[in-house]
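First comes the structure, then the notes that go with it.
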Amino acid sequence: MKLNDFKLERFFARFEFTAPYLLCTSDCESFTIEELLALEKNAGEAFRKLHLGYTETLGNPELRCEISKLYTNTTPDDIIVLAGAEEGIFIFMNVLLEPGDHIIVQSPCYQSLSEIAHAIGCKVTDWSMDAQNNWELDLDFLKKNITRQTKAIVVNFPNTPTGYTMTGEMFNKLIEIARQHDIYIFSDEVYRFLEYLEKDRLPSACEVYDKAVSLGVMSKSFGLPGLRIGWIAARDKVLYKKIASFKDYTTICSSAPGEFLATLALRNKEYILKRNLGIITSNLQLLEIFFKKYEDLFEWVKPRAGLLIFPRLKFEQEAEAFCLDLVNKKGVLLLPGNIYNYDNHHVRFGFGRLNMPEALAKLEEYLEKGII
Ligand SMILES: Cc1ncc(COP(=O)(O)O)c(C=O)c1O
């Protein structure tokens with residue numbers, strides 16, 4: 001299999017650990033091990049005594065139990081723990097798809113959601129969100145593009161990079177379309193639980209459709225990407241077994257310290273999510289003021305969930321040139337839309353970090369210089 005460069009990761013590799021103001025990151029503010037261990041009495045001692053042998057291939061049973069509680073109708077037997085969400089995408093695509101198959105992928109998207117299928121030799125149809133209409137998706141387009149070769153519909157709500165989330169009504173229709181055609185839904189739910197109002201939280205796809213695979217991770221909503229713990233929730237037993245067998249060729253099992261800390265974090269998820277949502281909603285208020293002030297330069301869609309937005313630049317300079325000049329002059333990193341194979345006139349903002357107000361102030365300094 002020949003994979004093209006992962007444009008987003010290559011772009012981040014240049015700046016992520018050198019630019020002081022990351023204004024486009026896709027995760028929430030993280031925690032230290034010390035902070036996590038302080039969440040429970042005796043956790044520190046238990047962590048120090050942790051055995052560092054191989055762990056169970058499907059994932060630590062206690063962790064799978066905590067993960068299964070995130071869904072209404074899954075059991076630990078429906079959960080496989082993986083090395084981040086990325087391993088879940090890689091394995092799902094590899095076990096499901098053959099050359100010549102067809103998948104439909106919400107677009108723009110996190111590149112691996114379409115790239116791996118391309119590399120396998122599949123036909124990939126982009127199901128584009130409409131920038132002119134608040135990033136809405138068109139279900140008629142979806143219906144018209146399903147063929148006998150279509151194996152899966154790939155979606156991501158809340159979405160990266162746009163922040164878009166469907167309504168519950170549309171989501172039900174989407175599930176019905178997949179059911180009628182008996183095709184899989186691969187639902188990337190790495191930003192789930194970051195809805196500003198609980199009523200906007202969609203059901204997890206695996207809760208409502210037995211041929212749905214839900215992808216979760218500790219990296220985004222929980223702010224713990226360094227754990228490298230993700231998972232797949234799937235009630236389809238045939239697919240589940242294939243995913244478990246494939247894992248023998250990728251990571252075999254997860255890291256024991258990662259599993260320990262993920263279990264601890266999930267037992268304390270209310271605290272962690274409340275803290276993270278607090279940071280996000282307070283940053284969002286600042287962004288509202290910012291986009292009002294600079295409405296001649298940016299057009300944005302205020303999201304109902306998550307920590308990402310994908311505003312359009314209303315000036316002539318291309319997004320990549322703008323981002324490079326900004327990071328070189330002010331150390332503020334934004335992500336240009338062309339790395340999503342999208343146009344070069346949108347940029348991704350991420351607002352899950354505690355230092356977002358400072359990063360935004362630096363961006364303002366840059367804009368006030370009248371460079372654009
Ligand atoms: C939508 C989406 N899915 C999956 C991933 C991969 O997550 P992880 O780094 O935890 O493997 C990302 C990371 O940015 C993402 O944005």
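Both ligands and their constituent atoms are indexed starting at 1 by order of listing.
- Looking at residues two or more places apart in sequence or on another chain, you find no ring pair (Phe, Tyr, Trp, His ring centres under 6.0 Å) involving Tyr21.
- Heavy atoms from other residues, nucleotides or ligands lying under 6.0 Å from OH of Tyr271 number 12 at most.
- Between Arg267 and Glu62, at least one side-chain nitrogen of the basic residue sits less than 4.0 Å from a carboxylate oxygen of the acidic one, meeting the salt-bridge criterion.
- Annotation: side-chain hydrogen bond (donor to acceptor under 3.5 Å, both in side chains) contacts involving residues 104-122, sequence neighbours excluded, comprise Asn4-Glu115, Glu9-Tyr110, Glu86-Ser112, Gln111-Glu115.
- The 12-atom threshold is exceeded at NZ of Lys151, counting heavy atoms of other residues, nucleotides or ligands nearer than 6.0 Å.
- In the hydrophobic clustering (ILVMFWY side chains linked at under 4.5 Å, chained through shared members), Leu354 is joined by Ile279.
- Closer than 4.0 angstrom to ligand 1 sit non-hydrogen atoms from Ser26, Gly84, Ala85, Glu86, Ile89, Tyr110, Asn156, Thr160, Asp188, Val190, Tyr191, Val217, Ser219, Lys220, Arg228.
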